[in-house]
Amino acid sequence: MIKLFTVAAIIGVVCISATSLVAQNLESIGKEKPLSVTGGVSLSQVFYAANGIDSRRDPYTYFASGNVNFSLYGWSVPFSFSFSNQNTSFQQPFNQYSVHPTYKWFTGHLGYISMSYSPYTVNGHIFLGAAVDAAPEGNWKFSALYGRFLKAVEPDTANENAAIPAFKRMGYGFKASYGREGSFVDLILFHANDDIHSIRYVPDSLGVLPEENLVVGVSAGKTIFDHFLLKADISSSALSRDTRADESGNSHVLAKTGFLYTPRLSSSYYKAFKTALDYQQDGYAIGVAYERVDPEYRTLGAYYFNNDLESITVNGSGSILQGKMTVAVSAGTQRDNLDKTKISTMRRMVGSVNVNYLPSEKLNLSASYSSFQTYTNIRSQFLDINQLTPYDNLDTLNYTQISQSATAMALYAFGRSKERKQSVSLNLSVQSAADKQADVTQNSGSQFYNLNAAYALNIVPKNLTLSVAFNANVNDSPGINSKTLGPTASVSKSFLERRLRATLSSSYNTSYVNSQRVSTILNGRVNGSYTLQKKHNLNLSLVAVNRDSKTETSARSFTEFTGTLGYSYAFGMK
């Protein structure tokens, strides 16, 4: 099998698989119009004023932006630009651009590509390179890749804010798939190597070392007795953490692959394995799965891995009550410290339950619970309610490790008239947070509660929509309890055959810390948009926010106003 991989890797050294990307079809040449141009331009002006605090932006800002896309026989070449009194930029596609020509069962890819072979080999890593997918008639399919996975970055020890240095990293891979009558086999190979001559000397204190990686993976599945599906995925990774180390011998099979990989004193060998057996029948399914990932398992074809993990899970799903209720359940056990090198071992039961119930066309009920560990961005809905513009809260990179979460939702639509539609909804979520945000250890044992209750009325003949809602957010952490709650109301109406739409909304929320009221925020919004001939659009937005601080320790009181006036035009030429 290794020999097969070796030959396949040499043949496919300049290719890549990216089956999820849109391709340009060479067969369309001569059949479609040769050239089409589409795009749009927009101009916006932002007016800002503040009282009680220092201004957080310029009192007047204008910016223009646009995009043009040239399409030649299905080949797209997009351009975009922006200009304002704060900064100017021009973007063209050739700094991160890709083309994907296809002809019959052959597809090629050139440029910046993100692709996946399997969870343990190549999975979602962006690189600059070339690729090919071959899917001829029959049971065989082939894919291969070659490209630059990391760009060389020179060390700059004089600048503490400089980017982390990196060696230039090149990689190639190959995947061969065979499938027939409910059965399949995938053979995967991936290799990446850092060029030690691509940058100057890097101090050892920075911990940046040239690496080499070889990964071999096999995925297979087979349908048994029509209803059973057995699947397995096993991968082995050889990783040299410093290619400058002396060569060494090793009995591991990946150390004996000849020129594909050079075993060294810095080399380590890991494996990952997952298998599952599922039984499917009309209306229900049940299955069992086992997964084991060695401690420090890593490949250079992916950004992140959950490793040092062993889990056994049982899952099932079914439909009852004549299809009105669906239930999905998963339960199992999970542990770490597989190599017994840690002081302690984490063992815990894991599970999830999802229930959805539709007793009638008017009522929808759902609930879920999960104790699997996930990384989630904890974001209060009041960040959106109180922001001045859509650009105020773009930083969503702080993630919290969630150990348990539960949600419940109820939606009831009533009123039989097609001219008058009403609904009420209730959403509740509870999350138990563990220990890290942006790799910094936090106080453990935090709980987050979010509640939203809403009523909406739509009067169809008048193009009028009314809604009221109540929102609450609670963060209960060791030593501190904070909560924010308050109502929101809005009214929206369309005029002039829906060419003109206006919306008026307001909210009032109060914040408490350890049961002491610290501030209240009142905001009001007016939004209007007018569309002319489907290509021209005028829009106006007025936002006022008033914060009233109730304690000396909280932020001081202030009032802010933002007004935005914009125009946009969309065009197309064929």
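Predicted model, so just to flag it, every value in this text is computed and none were measured.
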Taken in chain and number order and not counting sequence neighbours, the residues that satisfy ring-ring contact (aromatic ring centres under 6.0 Å, His included) with Tyr303 are His125
With the side chain counted from C-beta on, respond yes when Tyr297 and Ser237 share a heavy-atom pair under 4.5 Å apart, and no when they do not. yes
Contact check, side chains of Asn193 and Thr243, non-hydrogen atoms, under 4.5 Å: yes
Here the salt bridge (Lys or Arg N to Asp or Glu O under 4.0 Å) pairs for residues 269-286, sequence neighbours left out, are Lys271-Asp294
Check side chain to side chain donor-acceptor pair (under 3.5 Å) between Asn475 and all other residues, then give those that pass, not counting sequence neighbours. Ser477
Heavy-atom side-chain contact between Asn450 and Val430 under 4.5 Å: no
How would you list, by chain and number, every residue that makes a side-chain contact (heavy atoms from CB on, under 4.5 Å) with Gln516, sequence neighbours excluded? Thr551
Verdict with supporting geometry, Asn471 and Thr488, side-chain contact (heavy atoms from CB on, under 4.5 Å): CA-CA 8 Å; Asn471 300 283; Thr488 299; 3.7 Å; yes
Once side chain to side chain donor-acceptor pair (under 3.5 Å) is applied, do any residues pair with Tyr455, and if so which ones, sequence neighbours excluded? Gln422
Can you find a pair of side-chain heavy atoms, one from Thr520 and one from Arg547, that are under 4.5 Å apart? no
Here the gap from Ser511 atom OG to Lys483 atom NZ, rounded to the nearest 0.5 Å, amounts to 11.0 Å
As an exercise, state the distance from CG of Asn452 to CZ of Phe470, rounded to the nearest 0.5 Å. 10.0 Å
Under the side-chain contact (heavy atoms from CB on, under 4.5 Å) test, which residues partner Val208, sequence neighbours left out? Ile164, Pro165, Phe167, Val202, Leu206
Run the side-chain contact (heavy atoms from CB on, under 4.5 Å) check on Ser118 and Lys175 step by step: do they pass? CA-CA 10 Å; Ser118 76; Lys175 179 178 180 179; over 6 Å; no
Show your working on salt bridge (Lys or Arg N to Asp or Glu O under 4.0 Å) between Lys222 and Glu181 and close with a plain yes or no. CA-CA 9 Å; Lys222 183 175 179 58; Glu181 297 178 353; over 6 Å; no
Please determine if Glu212 and Arg169 form a salt bridge, counting it only when a charged side-chain N lies under 4.0 Å from a carboxylate O. no
Between Asn523 and Ser507, do the side chains contain a donor N or O and an acceptor N or O under 3.5 Å apart? yes
Of Ser219, Ser177, Ser143, which meets side-chain hydrogen bond (donor to acceptor under 3.5 Å, both in side chains) against Asp186? Ser177
Where do Phe127 and Met115 land on the side-chain contact (heavy atoms from CB on, under 4.5 Å) test, with the steps shown first? CA-CA 9 Å; Phe127 65 94; Met115 40 74 66; 3.7 Å; yes
The side-chain hydrogen bond (donor to acceptor under 3.5 Å, both in side chains) partner of Thr407 among Ser366, Ser368, Ser429 is Ser368
Is there a donor-acceptor pair closer than 3.5 Å between any side-chain N or O of His252 and the backbone N or O of Tyr269? no
Please enumerate all residues that pass side-chain contact (heavy atoms from CB on, under 4.5 Å) together with Tyr412, with sequence neighbours excluded. Lys362, Leu363, Phe414, Val424
Rounding to 0.5 Å, atoms OH (Tyr512) and OG1 (Thr484) come to a distance of 10.0 Å
Verify the distance criterion only: is there a donor paired with an acceptor across the side chains of Ser235 and Thr121 at less than 3.5 Å? no
Qualifying residues under side-chain contact (heavy atoms from CB on, under 4.5 Å), relative to Ala220, sequence neighbours excluded: Val185
Report yes if the side chains of Lys231 and Thr275 come closer than 4.5 Å at any heavy-atom pair, otherwise no. no
Residues Ser116 and Asn123: closest non-hydrogen pair is OG-OD1, 2.9 Å
Any donor-acceptor N or O pair under 3.5 Å, side chains Ser267, Ser240: yes
Sequence neighbours excluded, which residues qualify as ring-ring contact (aromatic ring centres under 6.0 Å, His included) partners of Tyr261? none
Rounded to the nearest 0.5 Å, the CG atom of Leu254 sits from the OH atom of Tyr270 at a distance of 12.5 Å
Within this structure, what is the CD-CZ distance for the pair Glu296 and Arg241, rounded to the nearest 0.5 Å? 5.0 Å
Which of these passes side chain to side chain contact (heavy atoms under 4.5 Å, CB included) with Arg292: Leu338, Asp308, Leu309? Leu338
Ignoring hydrogens and angles, state whether a donor on the side chain of Asn514 or Asn481 is under 3.5 Å from an acceptor on the partner side chain. no
With side chains defined as the heavy atoms from C-beta onward, is the minimum distance between Pro210 and Asp242 less than 4.5 Å? yes
For Ser467, which residues count as a side chain to side chain donor-acceptor pair (under 3.5 Å) partner, sequence neighbours excluded? Ser490
Before giving the answer on side-chain contact (heavy atoms from CB on, under 4.5 Å), spell out for Arg244 and Leu209 the whole-Å C-alpha distance, their side-chain angles and the decisive distance to 0.1 Å. CA-CA 9 Å; Arg244 299 168 300 183; Leu209 302 174; 3.3 Å; yes
More than 12 heavy atoms from other groups under 6.0 Å of CD on Gln281: yes
Taking every heavy atom of Ser266 against every heavy atom of Ala245, the minimum-distance pair comes out as OG-CB, 3.8 Å
Would you say Asn356 and Leu358 make side-chain contact, with heavy atoms under 4.5 Å? yes
Tell me, which pairs form a salt bridge (Lys or Arg N to Asp or Glu O under 4.0 Å) where one or both residues lie in residues 312-341, sequence neighbours left out? Glu310-Arg335, Asp336-Lys342
Would Glu211 and Arg298 pass as an ion pair if we require N to O under 4.0 Å? yes
If we only count heavy atoms from C-beta on, is the Trp105 to Lys141 side-chain gap below 4.5 Å? no
Under the side-chain hydrogen bond (donor to acceptor under 3.5 Å, both in side chains) rule, what do Ser405 and Ser370 come out as? Steps first, then yes or no, please. CA-CA 5 Å; Ser405 65; Ser370 174; 4.7 Å; no
Any residue meeting side chain to side chain donor-acceptor pair (under 3.5 Å) with Thr262, in chain and number order, not counting sequence neighbours: none
Name the residue from Tyr117, Phe174, Phe149, Tyr172 that meets the ring-ring contact (aromatic ring centres under 6.0 Å, His included) definition with Phe190. Phe149
Look up atom CD in Glu291 and atom CG in Asp233, then write down how far apart they are to the nearest 0.5 Å. 9.0 Å
Side chain of Thr223, backbone of Gly182: donor and acceptor closer than 3.5 Å? yes
Nearest heavy atoms of Tyr120 and Phe273, plus distance in Å: OH-O, 4.3 Å
